[in-house]
Chemist: 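Quick one: structure below, then a few questions.
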Amino acid sequence: MTNQKNLRICNKGHKYYKSTDCPSCPTCEQERKPDSGFLSKLSSPARNALIHEGITTLEKLSDYSEKEILKFHGIGPASLPTLKASLEEKELSFKS
């Protein structure tokens with residue numbers, strides 16, 4: 001069974017197709033993506049999950065355990081290697 005993709009238009013006028021109820025516009029998400037830093041290395045859902053939790057620096061990220069981070073909606077196991085590598089570059093790590 002295939003989901004039907006529906007044409008949508010965001011508040012900024014971007015046209016895109018979605019087969020789910022997810023309201024995020026891919027064009028707007030790309031425009032919001034940082035050019036550098038650890039958040040730029042993540043997918044939009046993972047980046048948005050961290051921002052929603054107020055985690056915008058590696059120092060704040062290091063206040064959380066891997067288990068706590070994985071509980072955030074939008075963060076999956078595939079994000080952990082990227083986050084770990086970013087922490088290690090600054091000689092930080094997840095909370096034990």
Side-chain angles (χ1 to χ4, degrees):
M1 185 170 135
T2 318
N3 287 340
Q4 181 73 24
K5 290 189 175 190
N6 299 307
L7 176 64
R8 298 188 190 177
I9 302 173
C10 77
N11 294 337
K12 290 185 172 182
H14 302 129
K15 294 179 182 181
Y16 61 99
Y17 289 89
K18 285 275 181 140
S19 59
T20 66
D21 292 335
C22 177
S24 63
C25 167
T27 304
C28 290
E29 287 298 323
Q30 190 62 34
E31 289 174 356
R32 282 194 288 267
K33 183 177 180 177
D35 292 329
S36 62
F38 81 103
L39 291 173
S40 70
K41 300 174 184 177
L42 299 172
S43 66
S44 292
R47 184 173 54 255
N48 290 338
L50 293 176
I51 291 170
H52 177 76
E53 296 294 328
I55 303 169
T56 57
T57 66
L58 289 170
E59 289 74 15
K60 287 183 184 177
L61 180 63
S62 69
D63 291 338
Y64 293 83
S65 69
E66 289 181 40
K67 194 173 183 178
E68 291 170 322
I69 292 294
L70 285 171
K71 289 182 183 178
F72 300 150
H73 179 75
I75 300 279
S79 300
L80 286 182
T82 303
L83 293 173
K84 281 182 185 178
S86 294
L87 285 167
E88 288 171 3
E89 285 175 14
K90 297 291 183 179
E91 298 183 2
L92 296 169
S93 63
F94 283 112
K95 180 175 79 174
S96 300

Chemist: With respect to Leu92, which candidate in Leu61, Asp63, Leu58 satisfies the side chain to side chain contact (heavy atoms under 4.5 Å, CB included) definition?
Modeler: Leu58
Chemist: How long is the straight-line distance from NZ of Lys95 back to CD of Glu68, given to the nearest 0.5 Å?
Modeler: 4.0 Å
Chemist: Flag the pair Ser24 / Lys18 as yes when at least one side-chain heavy-atom distance between them is below 4.5 Å, and no otherwise.
Modeler: yes
Chemist: Report, one line per pair, each donor and acceptor closer than 3.5 Å where one atom sits in a side chain of residues 76-88; sequence neighbours left out.
Modeler:
| from | atom 1 | to | atom 2 | distance (Å) |
| --- | --- | --- | --- | --- |
| Ser86 | OG | Thr82 | O | 3.1 |

Chemist: Measure the CD-OG distance between Glu66 and Ser96 for me, rounded to the nearest 0.5 Å.
Modeler: 9.5 Å
Chemist: Considering only NZ, NE, NH1 and NH2 on the basic side and carboxylate oxygens on the acidic side, decide whether Arg32 and Glu29 come within less than 4.0 Å.
Modeler: yes
Chemist: Taking all non-hydrogen atoms of both residues into account, name the closest pair between Glu53 and Tyr64 and its distance.
Modeler: O-OH, 4.2 Å
Chemist: List in chain and number order the residues that pass ring-ring contact (aromatic ring centres under 6.0 Å, His included) with Phe94, two or more places apart in sequence or in another chain; answer none if no residue qualifies.
Modeler: none
Chemist: If I take atom SG from residue Cys28 and atom NZ from residue Lys33, how far apart are they, to the nearest 0.5 angstrom?
Modeler: 15.5 Å
Chemist: CD/Glu91 to OG/Ser62 distance, rounded to the nearest 0.5 angstrom?
Modeler: 12.5 Å
Chemist: Does the side chain of Ile69 come within less than 4.5 Å of Leu50's, by heavy atoms?
Modeler: yes
Chemist: Rounded at 0.5 Å granularity, tell me how far CD1 in Ile55 sits from NZ in Lys60.
Modeler: 9.0 Å
Chemist: At what distance, to the nearest 0.5 angstrom, does CD1 of Ile51 lie from OG1 of Thr56?
Modeler: 7.5 Å
Chemist: Please tabulate, for the side chains in residues 6-14, all donor-acceptor contacts under 3.5 angstrom to protein atoms that are two or more places apart in sequence or on a different chain.
Modeler:
| from | atom 1 | to | atom 2 | distance (Å) |
| --- | --- | --- | --- | --- |
| Arg8 | NH1 | Thr20 | O | 3.3 |
| Arg8 | NH1 | Cys22 | O | 2.8 |
| Arg8 | NH2 | Thr20 | O | 2.3 |
| Lys12 | NZ | Glu31 | OE1 | 3.3 |

